[in-house]
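Below: the structure, in structure tokens.
Computed from heavy atoms alone, side chains included, the values below leave out hydrogens, waters and symmetry copies.
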Amino acid sequence: LRGRTKIGAEVVRVERGSAADRAGLTVGDVITLVAEVSAPTPAQVMRSFTSVPEGQRVMIAVTRGDAHHVTTLER
């Protein structure tokens with residue numbers, strides 16, 4: 001992830017089989033919300049993800065080009 005000031009965290013790489021891959025994230029997507037945090041930093045995204053128990057999910061909002069999506073990352 002790479003920080004985008006006042007926007008969120010941009011996806012710069014997706015590992016095959018990872019939670020991001022399973023959620024359908026692609027390079028260039030920008031995570032604009034994670035849990036209750038708007039415009040999260042990469043550290044906030046990672047902290048929110050790792051704070052949920054194994055098998056649980058965290059909600060994220062993603063901007064891809066002009067489209068906006070809401071999905072979850074399963075730990």
**Asked** Looking at V30, V12, I31, which hits side chain to side chain contact (heavy atoms under 4.5 Å, CB included) with L1?
**Response** I31
**Request:** Give, for atom CZ of R13 and atom OG of S18, the distance between the pair rounded to the nearest 0.5 Å.
**Result:** 9.0 Å
**Message:** I need the T32 OG1 to R4 CZ distance, nearest 0.5 Å.
**Reply:** 11.0 Å
**Asked** Got a donor-acceptor contact below 3.5 angstrom from the R2 side chain to the A9 backbone?
**Response** no
**Message:** Restricting to non-hydrogen atoms, name the atom on R22 and the atom on G17 that form the minimum distance, rounded to 0.1 Å.
**Reply:** NH1-O, 2.7 Å
**Straight-line distance of T72 OG1 to M59 CE, nearest 0.5 Å** = 10.0 Å
**Complete:** Closest non-hydrogen contact found for D21 with E15 is CB-O, 3.4 Å
**Item:** Carboxylate-amine/guanidinium contact D29 R64, below 4.0 Å
**Value:** yes
**Asked** Can you check side-chain contact (heavy atoms from CB on, under 4.5 Å) on V34 and V58, steps first, answer last?
**Response** CA-CA 7 Å; V34 63; V58 63; 3.9 Å; yes
**Request:** Say whether, by atom type as modelled, one donor and one acceptor occur between the side chain of S48 and the main chain of V45 under 3.5 angstrom.
**Result:** no
**Prompt:** Hey, what do you get for CG (L33) to CD (E36), rounding to the nearest 0.5 Å?
**Reply:** 7.5 Å
**Message:** Let me confirm one number: the CG-OG1 distance from L73 to T50, rounded to the nearest 0.5 Å.
**Reply:** 11.5 Å
**Request:** Taking the side chain as every heavy atom from C-beta outward, state whether Q56 and R75 have any atom pair closer than 4.5 Å.
**Result:** no
**Prompt:** Does a side-chain heavy-atom distance below 4.5 Å link T26 with V11?
**Reply:** no
**Prompt:** Quick one: OG on S38 to CD on Q44, what's the gap to the nearest 0.5 Å?
**Reply:** 10.0 Å
